[in-house]
Structure formats: structure tokens, C-alpha cells
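Below, read A as the first sequence line, B as the second, and so on, with proteins coming before strands; counting in each chain starts at 1. Below, all heavy atoms of this structure are taken into account, side chains as well, without hydrogens, waters or symmetry copies.
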Number of protein chains: 2
Amino acid sequence: MINFKNIFLGSKHIILYGLLMAILVFALKWLQWKFLIVDNALEIYVGLIAVFFTILGVWVATQLVKPKIQTLIVEKEVYITQSGEFTIDETELKKLSLSSREYEMLQLLAKGYSNSDIGENLFLSLSTVKTHISNLFTKMEVKSRTQAIAKAKRLKIIR
Amino acid sequence: MINFKNIFLGSKHIILYGLLMAILVFALKWLQWKFLIVDNALEIYVGLIAVFFTILGVWVATQLVKPKIQTLIVEKEVYITQSGEFTIDETELKKLSLSSREYEMLQLLAKGYSNSDIGENLFLSLSTVKTHISNLFTKMEVKSRTQAIAKAKRLKIIR
DNA sequence: AAACCTTTCATACTAAAGTACCGGTTTGGC
DNA sequence: GCCAAACCGGTACTTTAGTATGAAAGGTTT
């Protein structure tokens, strides 16, 4: 996991700090100019003191400050075998955009019905059954009823 | 999870920093003014500078310290769909007394293979495949490949 | 109203599946 | 060695499946 905070503090922070120091120096210089209260030696001295004690502060802190604790939550996947409960994959089913008759054909196909069986069951002519099944195959991109059954089961669109 | 620290450092941090610097500048100016009049107190001035920058250094360091990562493992339940615990009904399979080739045919039938597909796969002639499948149908007491597939799945003799 | 999809049915045809019967080889058990 | 079963392959035939194309009725959407 990327720690944005570290990146921020690791590089930009230091740059920012340096810049602020530079600005401070210039600000002091400007103030010095403006108020003509001049004591260059003192400014340099104070600046060195500042830098030194800043570094000292950092060093002291790194030696004494307790390390921060960041909690990283890791999800461990526990697999639970769910017995039997079959659910139709509605997403996959909608993708195919089958008509109701076509889906009906598919269900009966999977039951092992022949074309004439289906016709007799749904009171349709053999021609009609063939037409529906042919269209079904086109939509499912298969070439035979057995392929249709295999694919339908794989996609979980029939039980 | 929202990291308040990032928000703080992201925008308010800079403002705070600026404010601190402004205060510092004015403080220095004030001190400079004061101790130019009260000359002997240079040590106090430098001391204050030292203290201030030490604190600043500590503060910077605490911001820079790399957080120690504590890993917390949380269990997440994942439901895996049926296939995990499918077992072939050996009893039903033995009842049919299929030969190894016949059973092989059945498995490929269920995959949606055509007779010629099977032939090419197993390096058998179409005639041989037909013979095996025909014998398979007789043993299974079915009349078509789709019926064979349906029955085989019902009896749980194929996956 | 026109365009589109679904459903129904038809004919004609090709491709594949399935049956029946045949011959031959191999393999494992008695 | 013999027998039964499995295995491999073939021919011939019937049946079923699948494709192509068209047509008509009904519903929905634009």
C-alpha cells in the first residue's frame, strides 16, 4: 500500500522547509534594510544557532519519539463452500438478449428434448421450433444443441 | 479510511507553517528591538532562538518519522460456488457398466463435442465414434446425445 | 406511419446424428 | 486354448438436426 503521507513528508516537506528558511532569511534581510537596525554578525550568528538547534531538535526527536503505529488491515479470505444453492447468472443471461421463446427452447434442450418433443410440449410446429433454436444458436454463438447446453451451463443461465 | 493527517498536512499545514513563520519573524524583530536597547541580554535572545528552533526541529522530526506499520488480519468470508464439492456417483456409474471408451465419449458429449470433433480428438474414425456412442446410448437407455447428457448429469456420473 | 422485434409457420436443402450389420484385432479371465 | 468383452473400422441406411429464405401477424418504439 502506498503511503502518501510519507511521500509528501519525505520530499516535498523538506523542500518546503528549505524554501521557508530561505524566505525567512530574505524577510530578515528586508526587515534589516527597512529599519536600518543593522548588525550583520548577529544575524548570521542567530541563523547558525537556528540551523544548529533545528538539527539538534530533529536528532533528539528521532532518538526519543516513539514510532508512530499505522494499522494496516489485511483481509484474509476464508473460503466457505456453499452447498447446492444454484442461482441463475442474470447478467450473463441479459447479455445474450434471448427472447422468451428462445430461452424456453434452451431449457427444454438441456432436458434432452428433441425438436419434435419440444413442438409437442409447447404445441408448436417442428418448423417453429427449428426457427427458434436456430436463432438461439446464432445469439449464443454455437453450432449445435450440445454446445448450447454446455455453454448455458458454463454461463449458469440454466439449472 | 479517511486520513485526517493527510488533510491537515495537505492544506492547513502550509497555512500553519506560514503563520508560524510570520510569528517568528515578528518575534525576532521584537526581540531584536528589545535587546538592542537592553544590550546585555543577548544570551537570552540566543537561548530563545535555540529553544524555538529545537522545538521546531522536534516538530519537523515527528512529522518526518516513518510510521511503523502494524498489520491487522481480518477474516473475510468468501462464498465459493458449488463446484468445489462435486463428486461422481460411482454407484450409478458402475450400474451402467460402461466401457472406458464409452465413458470417454459421454464426457466429450457433455462438453458439446460433435462426433467428428471426438474422432479428431481421440484419433478415431467417425465410424468408431458412432459405434461407441450408439453402444453408450443402448447402455444408458437413451435415444440421443442430449438425453445422454441430461441423464448423466442427473445421475451425477459426469461433472 | 414506419421500423423493428417476436412469434408463428412453411419449403427446400445440407449436414450431422443415429441404427444396423458386418468384419477384424486385442485383451483379460477361466 | 477358448470365450467374452472391448476396441477399431467400414458400408448402408434412416432419422434428426440445422440452415436459408420467405411470409404473415402482433407488439413496441421512434
Item to complete: Between dA17(D), dC7(D), dG18(C), spot the one nearest the side chain of R145(A), thanks.
Response: dA17(D)
Fill in: S134(A), nearest nucleotide to its side chain (from dT19(C), dC8(D), dT19(D))
dT19(D)
Worksheet item: If you look at every strand shown and take non-hydrogen atoms under 4.0 Å, does H132(A) touch a base, only sugar-phosphate, or nothing?
Response: base
Worksheet item: What is the distance from NZ of K143(B) to C1' of dG18(C), rounded to the nearest Å?
Response: 10 Å
Fill in: From dG9(D), dA17(D), dT6(C), nucleotide with atom closest to S127(B) side chain
dG9(D)
Worksheet entry | Closest to side chain of K130(A), choosing from dC8(D), dC9(C), dG18(D) | dG18(D)
Practice prompt. Could you check how far CD of E120(A) sits from C1' of dT16(D), rounded to whole Å?
Written response: 14 Å
Worksheet item: Under 4.0 angstrom, heavy atoms only, what part of the nucleic acid is T131(A) near: base, sugar-phosphate, or nothing?
Response: base
Worksheet item: At under 4.0 Å between heavy atoms, what does S125(A) touch on the DNA or RNA strands: base, sugar-phosphate, or nothing?
Response: sugar-phosphate
Discussion item. Membership question, hydrophobic clusters at under 4.5 Å side-chain separation (ILVMFWY): are L108(A) and L126(A) in the same one?
Written reply: no
Worksheet entry | K151(B), NZ: over 12 other non-hydrogen atoms inside 6.0 angstrom | yes
Worksheet item: Separation of L126(A) atom CG from dT15(D) atom P, in whole Å?
Response: 14 Å
Fill in: Spacing between L122(A) atom CG and dC9(C) atom P, to the nearest angstrom
11 Å
Discussion item. Closest approach to the side chain of S114(B), judged atom by atom: which nucleotide of dA17(C), dT6(C), dT16(D) is it?
Written reply: dA17(C)
Worksheet item: How long is the line joining CG of L136(A) and P of dT19(D), in whole Å?
Response: 10 Å
Response to the item:
Smallest heavy-atom separation, T146(A) atom then Y113(B) atom, equals OG1-O, 4.4 Å
Worksheet item: Among dG18(C), dG18(D), dC7(D), which is the nearest nucleotide to the side chain of R101(B)?
Response: dC7(D)
Worksheet item: Which residue, F137(A) or F123(B), contacts DNA chain D at a nucleotide closer to its 5' end, judged by nearest heavy atom?
Response: F123(B)
Discussion item. What is the distance, to the nearest angstrom, from the CG atom on N115(B) to the C1' atom on dA16(C)?
Written reply: 7 Å
Fill in: L106(B) versus I157(B), closest heavy-atom pair with distance
CD2-CD1, 3.8 Å
Discussion item. Looking at S144(B), I'd like to know whether one of its side-chain N or O atoms comes within less than 4.0 Å of OP1 or OP2 on dT16(D).
Written reply: no
Discussion item. What is the separation between atom CG on L96(B) and atom P on dA6(D), rounded to the nearest whole Å?
Written reply: 13 Å
Discussion item. If you compare all heavy atoms of A148(B) against all heavy atoms of F137(B), which two are closest, and at what distance to 0.1 Å?
Written reply: CB-CE2, 3.8 Å
Discussion item. So, does S116(B) get its side chain near the phosphate of dA17(C), meaning an N or O under 4.0 Å from OP1 or OP2?
Written reply: no
Worksheet item: Can a salt bridge be assigned to the pair E102(B) and K139(B) using a cut-off of 4.0 Å between side-chain N and carboxylate O?
Response: yes
Discussion item. Within the 4.0 Å heavy-atom criterion, would you say T128(B) contacts the bases, only the backbone, or no part of the nucleic acid?
Written reply: base
Discussion item. Whole angstroms only, please: what is the OH-P distance between Y113(A) and dA17(D)?
Written reply: 14 Å
Worksheet item: To the side chain of I133(B), which of dG18(C), dT19(D), dG10(D) is closest?
Response: dG18(C)
